[in-house]
Amino acid sequence: KDQNGNEFFTKPKVTFEDVAGLDEVKEELIEVIDFIKKSEKYKKMGAKIPKGILFYGPPGTGKTLLASAVAGETKSAFFSASGSEFVEKYVGVGAKRIRTLFEKAKKEAPSVIFIDEIDAIGAKRHLDSNNEKDQTLNQLLVELDGFNTDQTVVVVGATNRLDLLDEALLRPGRFDRHMYIGNPNIKAREEILKVHTKNKPLSPDISIETLAKKTHGMSGAHLSNIANEAAIIAVRENNTIITHRHFDLAIERVIAGLQVKNPNVL
Ligand code: ATP
């Protein structure tokens with residue numbers, strides 16, 4: 001356990017079925033899953049298991065969800081961290097945390113380490129390369145280079161901004177597989193809405209197809225929010241089922257929320 005009493009890792013039950021759309025990315029990840037599941041076979045053949053995968057793209061599109069699904073599919077220990085957790089005032093503290101994280105992941109292998117907002121530690125280094133951030137990034141590079149083929153540890157980094165990352169991080173043998181996770185198209189929005197309404201009592205007047213049309217530009221996180229808001233509105237109105245009108249109100253609410261944050265969106 002960490003200082004806050006939280007478990008360092010979980011064993012997620014999430015699988016690819018919980019991730020809607022993103023078919024091409026899932027297909028690429030099936031290969032990684034096979035590496036983790038049958039690591040012995042690959043090792044015997046002298047093949048190197050990929051170490052680092054980078055998910056990039058806009059927020060709320062399922063990067064965290066996908067990474068935990070990789071752990072779920074392979075029954076791996078899932079270590080989830082955010083890059084900003086490693087940004088510290090005192091030199092060496094962030095680096096030490098990185099070391100501890102990898103030590104534990106190796107001990108629990110097979111493991112998936114997920115580092116969200118990896119740009120917080122992996123941004124391009126400056127020439128006077130001796131500050132706390134650079135030490136943390138250097139430690140991450142050391143860890144990525146360091147673990148050998150006996151340990152099945154896959155590191156997944158996520159960022160909204162691939163262009164901010166230090167090239168050293170993207171070199172072969174480090175985060176060398178880059179997968180773009182974009183906002184869902186109409187078909188994917190339909191599938192995401194299906195996932196998030198699966199356990200909700202829907203009125204027959206609801207057309208998921210229409211809802212998908214009405215939610216152009218929205219992310220998976222927005223759609224999951226809309227499904228939840230619609231259910232809340234239905235409860236407030238003392239209904240036993242969710243109707244299309246509840247969804248319309250929920251969509252309005254989510255759009256209003258977006259416009260507060262960024263008036264130019266949608
Ligand atoms: P961030 O960049 O902000 O960290 P993210 O890309 O990691 O975002 P997630 O945290 O994985 O996004 O997504 C948030 C929630 O949105 C998920 O827990 C899930 O409920 C829903 N969601 C997003 N994408 C999908 C998807 N493709 N299928 C099903 N649910 C999704």
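One-based numbering along the sequence shown. Bear in mind that the values here come from a model prediction, so they are computed numbers and not experimental data. Start at 1 and go down the list; that is how both ligands and their atoms are numbered.
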Are any of the N/O atoms in Val195 less than 3.5 Å from those in ligand 1? no
Within reach of ligand 1, part of Asn160 (heavy-atom separation under 4.0 Å): side chain
Does Asn225 come within less than 4.0 Å of ligand 1, judged by its heavy atoms? no
Residue pair Ile192, His196: steps toward the side chain to side chain contact (heavy atoms under 4.5 Å, CB included) verdict: CA-CA 6 Å; Ile192 295 172; His196 289 281; 3.7 Å; yes
Nearest heavy atom to atom 23 (C) of ligand 1 wins, so pick from Gly220, Ala158, Ser224. Gly220
Give me the residue, atom name and distance of the protein heavy atom closest to atom 31 (C) of ligand 1. Leu65 CD2, 3.6 Å
Nearest protein heavy atom with distance in Å, relative to atom 14 (C) of ligand 1: Ala221 CB, 3.9 Å
Near Lys200 NZ, under 6.0 Å, is it more than 12 heavy atoms from other residues, nucleotides or ligands? yes
Among all the protein's non-hydrogen atoms, which is closest to atom 1 (P) of ligand 1, and how far away is it? Gly60 N, 3.7 Å
If you take the nearest heavy atom of each of Gly62, Ala20, Ala67, which one is closest to atom 9 (P) of ligand 1? Gly62
Quiz question: by atom type and distance under 3.5 Å, do the side chains of Glu229 and His246 form a donor-acceptor pair? no
Of all protein heavy atoms, the one nearest atom 4 (O) of ligand 1 is Asp116 OD2, 3.0 Å
Suppose I only count heavy atoms of Pro59 and a 4.0 Å limit; which atoms of ligand 1 are within that range? 2 (O), 3 (O), 8 (O)
Which is it for Thr61 and ligand 1 at heavy atoms under 4.0 Å: side chain, backbone, both or neither? both
Could you walk me through whether Glu191 and Lys194 pass the salt bridge (charged side-chain N to carboxylate O under 4.0 Å, His left out) check? CA-CA 5 Å; Glu191 285 171 31; Lys194 276 185 196 151; over 6 Å; no
Heavy atom of Gly21 under 4.0 Å from ligand 1? no
Will you find, in the side chains of Thr159 and Asp119, an N or O donor that is under 3.5 Å from an N or O acceptor? yes
Side chain to side chain contact (heavy atoms under 4.5 Å, CB included) partner of Leu140, chosen from Asp166, Ile118, Asp145: Ile118
Considering residues, nucleotides and ligands other than Lys96, do more than 12 of their heavy atoms fall under 6.0 Å from its NZ? no
Considering only heavy atoms, which of Glu17, Lys63, Lys26 lies nearest to atom 2 (O) of ligand 1? Lys63
Between Gln139 and Glu143, do the side chains contain an N or O donor and an N or O acceptor separated by less than 3.5 Å? yes
Return the residue, atom name and 0.1 Å-rounded distance of the protein heavy atom closest to atom 30 (N) of ligand 1. His196 NE2, 2.9 Å
Assess, by modelled atom type and distance only, whether the side chains of Ser39 and Lys41 contain a donor and an acceptor separated by less than 3.5 Å. no
Give me the nearest non-hydrogen protein atom to atom 7 (O) of ligand 1 as residue plus atom name, then the distance to 0.1 Å. Thr64 OG1, 2.6 Å
Which residue and heavy atom of the protein sit nearest atom 29 (C) of ligand 1, plus the separation: Asp18 O, 3.4 Å
Within-4.5 Å side-chain heavy-atom neighbours: Asp176 and Lys51: no
